[in-house]
Trainee: 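This is the structure I have questions about; it appears just below.
Proteins get letters first, then strands, A, B, ... in listed order; numbering begins at 1 in each.
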2 protein chains.
Amino acid sequence: MADEHTNGSPRTLKTVSRAFDVVRALEELDGAGVTELADHLDLSKSVVYNYLSTLREEKFVVKEGDTYQLSLQFLLVGEYVRYQNILYRIGKPEIEELAEKTGEYAHLATEQHGLGVNLYKVSGETAVGSDYQVNKLQRADYLHFSATGKAILAHLPRERVNWIVDQYGLPAKTEQTITDREELFDELETVRERGYSLNDEEEIKGLQAIGAPVTNRHGRVLGSISVSGPVRRMKQPEYHQNLIESVVNTANVIEVNVNMEESDDEFPTFS
Amino acid sequence: MADEHTNGSPRTLKTVSRAFDVVRALEELDGAGVTELADHLDLSKSVVYNYLSTLREEKFVVKEGDTYQLSLQFLLVGEYVRYQNILYRIGKPEIEELAEKTGEYAHLATEQHGLGVNLYKVSGETAVGSDYQVNKLQRADYLHFSATGKAILAHLPRERVNWIVDQYGLPAKTEQTITDREELFDELETVRERGYSLNDEEEIKGLQAIGAPVTNRHGRVLGSISVSGPVRRMKQPEYHQNLIESVVNTANVIEVNVNMEESDDEFPTFS
DNA sequence: GTTAGAAGTTCGTGAAATACAAACAGCTAT
DNA sequence: ATAGCTGTTTGTATTTCACGAACTTCTAAC
């Protein structure tokens with residue numbers, strides 16, 4: 001009855017969306033043939049074949065025998081994107097120093113589309129679990145149960161946090177995970193007041209992390225850093241206090257350097 | 001006169017190609033606004049707007065104020081693709097060990113679309129140029145002037161090498177770069193015979209590298225590794241010989257492990 | 001050695017999605 | 001206050017895509 005096909009704004013290109021459906025399907029299936037993809041996506045074989053051929057021409061897909069796979073083109077573009085990120089460029093060496101100094105895992109993260117993305121992570125000498133944490137495949141993850149995530153959330157506008165919670169909810173990873181919206185807002189208030197965030201076994205049992213935000217001159221949060229380790233070590237009062245200082249200090253150093261670079265951009269030097 | 005619009009096979013989807021034109025433009029321009037992109041791509045503003053909106057909905061583009069940028073989604077997918085690569089999974093720790101043992105830069109590379117892609121690189125203690133080589137942004141690069149590239153080319157079918165040279169030519173980076181097809185084939189023959197490749201200031205003046213291929217059980221080359229350092233150190237006979245041994249040995253270790261994993265796949269274990 | 005079946009690929013054609021241009025809205029700077 | 005930039009919206013013509021059947025190639029079983 002009602003006018004359905006009014007093609008609301010912004011108009012979205014179905015052909016492009018379907019191309020990315022193919023990309024996501026190739027990721028889910030770890031590569032696939034034409035027929036398998038056609039079944040998975042409820043499209044005809046010939047259509048899938050055309051999408052794959054196009055993606056291949058664009059070098060984002062490779063064909064090995066009769067299976068199609070995503071190509072390393074994604075990595076090349078992805079590393080370009082990461083390199084464009086000033087927080088990564090400035091933060092990477094500082095995070096490495098932080099990991100060396102503390103001996104624990106150190107992380108550098110930012111927010112995108114309401115989820116946390118790790119820009120960089122490095123393992124210190126005494127870090128637990130060998131290289132497991134560093135080598136495992138990274139995905140965008142919820143912000144509410146990590147130290148980096150909470151440091152970011154604490155400095156986003158309240159309405160944005162509400163939007164994120166509406167969008168993704170507050171799923172629990174352990175019994176400690178904050179799953180209540182009001183409780184989360186209280187926690188974020190605490191984070192703002194004391195200047196650092198804590199993840200006390202809220203993501204992984206036995207693992208604690210300390211995080212701090214990096215904001216730019218205008219108060220916008222660019223991302224955050226954290227250090228993580230086993231609870232028994234992290235809870236020792238003196239050790240704990242030292243870590244907090246190291247993390248907050250490193251975040252400040254990054255902040256200062258980022259803001260120096262960014263103000264350069266506002267008064268560009270002419271060549 | 002002649003039938004132009006016969007839409008040859010495979011049919012390629014123009015809408016998808018244009019979406020990736022937008023992606024490439026965003027990369028070239030380091031982010032841009034609608035009008036700027038429309039000019040750059042010779043499309044109308046409304047069309048570009050629709051592409052950007054779609055890419056944004058798919059989370060591959062983010063909008064900051066009025067500038068659109070590629071998102072870290074590319075990095076997430078890219079790291080997935082890299083992780084899928086068995087050479088990366090097996091080779092990474094071995095390459096780290098190689099860098100530590102030799103003190104030089106160590107690289108892990110593979111081929112895609114006729115170009116070399118670095119899967120991983122790590123700096124040893126005595127490596128020159130601080131972290132410049134490790135931190136600089138990586139692109140797909142020609143195969144004919146790097147140690148990793150020559151190790152790969154040496155083990156590709158001759159017709160494929162010819163196709164690659166037809167496609168990309170043999171551009172020179174230094175006076176030492178091989179720019180003649182026959183000379184290249186002679187060099188590749190030498191590489192095959194002695195089991196390792198050399199890059200003797202063919203890419204960067206003052207830099208030498210030693211490479212070795214990693215092939216699977218069926219003789220197909222999966223990629224290659226290399227170690228690089230300043231000529232004055234690399235040319236010392238004993239040091240040189242030791243490096244060759246280390247590189248070839250590491251390549252063999254990776255090869256064995258890769259082939260063990262791959263043969264597991266052929267006789268899958270049922271759960 | 002032949003054949004059934006399942007894979008990838010090609011192609012003609014109707015249906016649907018996109019490209020265009022012009023109008024609109026929002027902002028900045030003069 | 002307004003001219004001239006942005007980004008955004010919308011109606012419409014037309015290009016392009018989706019479908020399904022036919023074709024090809026390969027494998028495996030009889």
Side-chain angles (χ1 to χ4, degrees), chain A residues 2-23 25-26 29-58 61-71 218 265-268, chain B residues 2-23 25-26 29-58 60-71 218 266-268:
Chain A
D3 43 15
E4 316 256 355
H5 245 306
T6 322
N7 226 344
S9 275
R11 283 185 200 171
T12 169
L13 305 179
K14 303 193 204 307
T15 310
V16 176
S17 294
R18 248 170 302 204
F20 284 100
D21 289 342
V22 172
V23 168
L26 282 176
L29 301 171
D30 290 341
V34 176
T35 308
E36 194 181 352
L37 276 172
D39 288 348
H40 189 86
L41 294 167
D42 260 312
L43 290 169
S44 71
K45 282 201 298 178
S46 58
V47 169
V48 170
Y49 179 73
N50 288 334
Y51 278 94
L52 288 170
S53 299
T54 310
L55 287 168
R56 194 149 87 100
E57 194 179 67
E58 300 295 332
V61 158
V62 289
K63 184 184 177 188
E64 254 177 62
D66 276 345
T67 59
Y68 292 82
Q69 300 225 315
L70 298 182
S71 89
H218 310 102
D265 292 347
E266 289 172 32
F267 308 100
Chain B
D3 44 15
E4 315 257 352
H5 245 306
T6 322
N7 227 344
S9 273
R11 283 185 201 173
T12 169
L13 306 180
K14 302 193 203 309
T15 309
V16 176
S17 294
R18 246 166 297 191
F20 284 100
D21 289 343
V22 171
V23 168
L26 283 176
L29 301 172
D30 289 342
V34 176
T35 308
E36 193 182 351
L37 276 172
D39 288 349
H40 189 87
L41 294 166
D42 260 312
L43 289 170
S44 71
K45 284 201 297 177
S46 58
V47 169
V48 170
Y49 180 73
N50 288 335
Y51 278 95
L52 288 170
S53 300
T54 310
L55 288 168
R56 195 148 86 99
E57 194 178 69
E58 300 295 332
F60 282 87
V61 158
V62 289
K63 184 186 177 187
E64 254 177 61
D66 276 346
T67 59
Y68 291 82
Q69 300 224 314
L70 298 181
S71 91
H218 311 101
E266 288 171 34
F267 308 101

Trainee: What is the per-nucleotide protein-contact pattern of nucleotides 25-30 of chain C, from the 5' end, where B denotes a base atom under 4.0 Å from a protein heavy atom, S denotes such proximity for sugar-phosphate atoms only, and - denotes neither?
Mentor: ------
Trainee: Given atom CG of Asn50(A) and atom P of dA18(D), what is their separation to the nearest angstrom?
Mentor: 8 Å
Trainee: Can you say whether a donor on the side chain of Arg11(B) sits under 3.5 Å from an acceptor on the base of dG12(C), or the other way round?
Mentor: yes
Trainee: Tell me which residues in residues 61-68 of chain A put a heavy atom below 4.0 Å from DNA chain C, sorted by number, or none.
Mentor: Lys63(A), Asp66(A), Tyr68(A)
Trainee: Does a side-chain N or O from Arg18(B) land closer than 4.0 Å to OP1 or OP2 of dA19(C), or not?
Mentor: yes
Trainee: Which value, rounded to the nearest 0.5 Å, describes the distance between Thr67(A) atom OG1 and Leu29(A) atom CG?
Mentor: 11.5 Å
Trainee: Under a 4.5 Å cut-off applied to non-hydrogen side-chain atoms, are Thr15(A) and Val16(B) in contact?
Mentor: yes
Trainee: Is Thr54(B) reaching over with its side chain to a backbone N or O of Leu13(A), donor-acceptor style, under 3.5 angstrom?
Mentor: yes
Trainee: Within a strict 4.5 Å, meaning less than it, do heavy atoms of the Val61(A) and Ser71(A) side chains meet?
Mentor: no
Trainee: Could you identify which residues of residues 34-47 of chain A place a heavy atom less than 4.0 Å from some atom of DNA chain C, listed by residue number, or say none?
Mentor: Val34(A), Thr35(A), Lys45(A), Ser46(A)
Trainee: What pair of heavy atoms forms the shortest contact from Arg11(B) to Ser53(A), and how long is it?
Mentor: O-CB, 4.3 Å
Trainee: Just jot down the side-chain hydrogen bond (donor to acceptor under 3.5 Å, both in side chains) partners of Asp39(B), sequence neighbours excluded, or say none.
Mentor: none
Trainee: The helix from dG1(C)-dC30(D) to dT30(C)-dA1(D): angle between its terminal axes, five pairs each, to 10°?
Mentor: 40°
Trainee: Checking Tyr68(A) against Val22(A) for the side chain to side chain contact (heavy atoms under 4.5 Å, CB included) test, could you report, in this order, the C-alpha distance in whole Å, the side-chain angles of both residues, the deciding distance, and whether it holds?
Mentor: CA-CA 10 Å; Tyr68(A) 292 82; Val22(A) 172; over 6 Å; no
Trainee: For the residue pair Gln69(B) and Leu26(B), establish whether any side-chain heavy-atom pair is separated by less than 4.5 Å.
Mentor: no
Trainee: Supply the atom-to-atom distance His40(A) NE2 to Asp21(A) CG, rounded to the nearest 0.5 angstrom.
Mentor: 9.0 Å
Trainee: Can you give each donor-acceptor pair under 3.5 Å made by side-chain atoms of residues 41-52 of chain B, sequence neighbours left out, with the distance rounded to 0.1 Å?
Mentor:
{"unit_1": "Ser44(B)", "atom_1": "OG", "unit_2": "Ser46(B)", "atom_2": "OG", "d": "3.4"}
{"unit_1": "Ser44(B)", "atom_1": "OG", "unit_2": "Val47(B)", "atom_2": "N", "d": "3.4"}
{"unit_1": "Asn50(B)", "atom_1": "ND2", "unit_2": "Ser46(B)", "atom_2": "O", "d": "3.4"}

Trainee: Are Phe20(B) and Leu55(A) side-chain neighbours, meaning at least one heavy-atom pair lies under 4.5 Å?
Mentor: yes
Trainee: Please check the phosphate of dT6(D) (OP1 and OP2 only) for any side-chain N or O of Tyr49(B) closer than 4.0 Å.
Mentor: no
Trainee: Arg56(B) has an atom CZ; how far is it from atom C1' of dG7(D), in whole Å?
Mentor: 12 Å
Trainee: For dA18(D), does OP1 or OP2 lie under 4.0 Å from any side-chain N or O of Tyr51(A)?
Mentor: yes
Trainee: List in chain and number order the residues that pass side-chain hydrogen bond (donor to acceptor under 3.5 Å, both in side chains) with Asp66(B), two or more places apart in sequence or in another chain; answer none if no residue qualifies.
Mentor: none
Trainee: For Leu13(B) and dC17(D), give me the distance from atom CG to atom P, rounded to whole Å.
Mentor: 5 Å
Trainee: Write out all pairs satisfying salt bridge (charged side-chain N to carboxylate O under 4.0 Å, His left out) with one or both partners inside residues 47-58 of chain B, taking only residues at least two apart or from two chains.
Mentor: Arg24(A)-Glu58(B)
